[in-house]
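What follows is a short report on a single structure.
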Amino acid sequence: MSKPKLISFKLCPYVQRSVILLKEKGVDYDIEYIDVYDPPEWFLALSPTGKVPILQVEDTVLFESAVIGEYLDEVYTPPLHPSDPIKKAQNRAWMEFTSPMYMGTFNLMMATDKEAVDKVIEEFNKNLAGLDKAMENTPWFNGADFSMVDISAAPLFVRLAFYKNHCDLDLLKAFPNLIKWSDGLLARQSVIESTVDGFDDMLLSRMKQIGSYVRK
Ligand SMILES: N[C@@H](CCC(=O)N[C@@H](CS)C(=O)NCC(=O)O)C(=O)O
């Protein structure tokens, strides 16, 4: 089997989940970056949604990060879901829960006035409170075993750390369980290696273009 190839955008949290998973499993893969704001024709011909990630496996194109994740988990060892079906289902539910939160981090960047920022933060706080309550183990969501659900949340914490470091916005401060989870994830090698060089500067310059309210 030839190497799987991931089509990515350097700032995309959904692709970052696939990258972390590939690194956790030690898979040899190729990656090609596109600009999602000016996508090439070949990409639009391959991606049914016009979104990244897509994963090319031989002649097949997979899309949707959650599905790509499930495929990679089935094909490459070690399996990173709990084996108990009820636990696995519960983990998948929390993975679903984190997915729309990425829109929150994006909307925060896009907000150009205080009212819009406050609205995003209010919604975010509700979701963070739910996640904090669910995160009852340490160091990982399932305790000792690092798993898919940890991966699905990692890019979220990368972005929240960005807002804390560059925008003086500490969205985790009221959520002790999430602070511990975030600390563990941000120190993990696969997560450290999952962002491209210059990631923070790229986000900052994008925010400057947009006129993001939270950019100092
Ligand atoms: N549900 C999709 C979301 C992917 C997504 O929103 N990707 C963004 C970049 S982070 C994208 O490609 N946007 C381009 C567009 O919407 O045209 C997934 O999980 O793969």
| field | Spatial distance of atom OH (Y33) from atom CD1 (I7) [nearest 0.5 Å] | value | 11.0 Å
| request: May I ask you to check whether S194 and R188 show a side-chain donor-acceptor distance below 3.5 Å? | output: no
| Rounded distance (nearest 0.5 Å) linking atom CE of M135 with atom CD1 of I179 | 12.5 Å
| request: I would like to know whether F162 and T105 meet side chain to side chain contact (heavy atoms under 4.5 Å, CB included); could you show each step before the answer? | output: CA-CA 10 Å; F162 169 88; T105 61; over 6 Å; no
| Euclidean distance, M109 CE relative to M207 CE, rounded to 0.5 Å | 7.5 Å
| task | Please indicate whether E58 has more than 12 foreign heavy atoms, meaning atoms of other residues, nucleotides or ligands, lying under 6.0 Å from its CD. | result | yes
| Polar side chain donor-acceptor pair, N91 to N142, under 3.5 angstrom | yes
| message | For P176 versus D132, what's the shortest heavy-atom pair and its separation? | response | N-OD1, 3.7 Å
| Take atom NZ in K3; do more than 12 heavy atoms of anything else shown fall under 6.0 Å from it? | yes
| query | Charged N to carboxylate O below 4.0 Å: is that the case for K126 and E123? | reply | yes
| Test item: S47 side-chain N/O and L44 main-chain N/O as donor-acceptor pair under 3.5 Å | no
| query | Roughly how far, to the nearest 0.5 Å, is the CG atom of L156 from the CH2 atom of W181? | reply | 8.5 Å
| request: Begin from the C-alpha positions of Y29 and V19 and carry the test side chain to side chain contact (heavy atoms under 4.5 Å, CB included) through to its verdict. | output: CA-CA 9 Å; Y29 65 98; V19 170; 3.6 Å; yes
| query | Under 6.0 Å from the CD atom of E96, do we count more than 12 heavy atoms belonging to anything else shown? | reply | no
| message | Within the 3.5 Å criterion, strictly below it, is a donor on H166 or D200 matched to an acceptor on the partner's side chain? | response | yes
| message | For K164, I'd like to know if atom NZ has over 12 heavy atoms of other residues, nucleotides or ligands within 6.0 Å. | response | no
| task | Report the relative orientation of the aromatic rings in F141 and W94; use parallel for angles under 30°, tilted for 30 to 60°, perpendicular for over 60°. | result | tilted
| task | Please assess M95 against R17 for the test side chain to side chain contact (heavy atoms under 4.5 Å, CB included), listing each intermediate value before the final yes or no. | result | CA-CA 11 Å; M95 289 165 73; R17 301 206 280 201; 5.6 Å; no
| said: If you compare all heavy atoms of I68 against all heavy atoms of S18, which two are closest, and at what distance to 0.1 Å? | reply: CG2-OG, 3.9 Å
| For the residue pair I20 and S190, what are the closest heavy atoms and their distance? | CG2-OG, 3.5 Å
| message | Looking at every heavy atom in both R159 and C12, which two are closest together, and how far apart are they? | response | NH2-C, 3.7 Å
| query | Sub-3.5 Å donor-acceptor pair from the side chain of Y213 to the main-chain atoms of E115, do we have one? | reply | no
| Nearest 0.5 Å, what's the OG1-CG distance between T98 and L131? | 7.0 Å
| Are the side chain of K25 and the backbone N or O of Y76 linked by a donor-acceptor pair below 3.5 Å? | yes
| task | List the atom of L80, the atom of S147, and the distance in Å for their closest heavy-atom pair. | result | O-CB, 2.9 Å
| query | So, for G50 and F43, which heavy atoms are closest and what is the spacing to 0.1 Å? | reply | O-CE2, 3.4 Å
| task | Find the distance between NZ (K119) and CG (D113) and round it off to the nearest 0.5 Å. | result | 10.5 Å
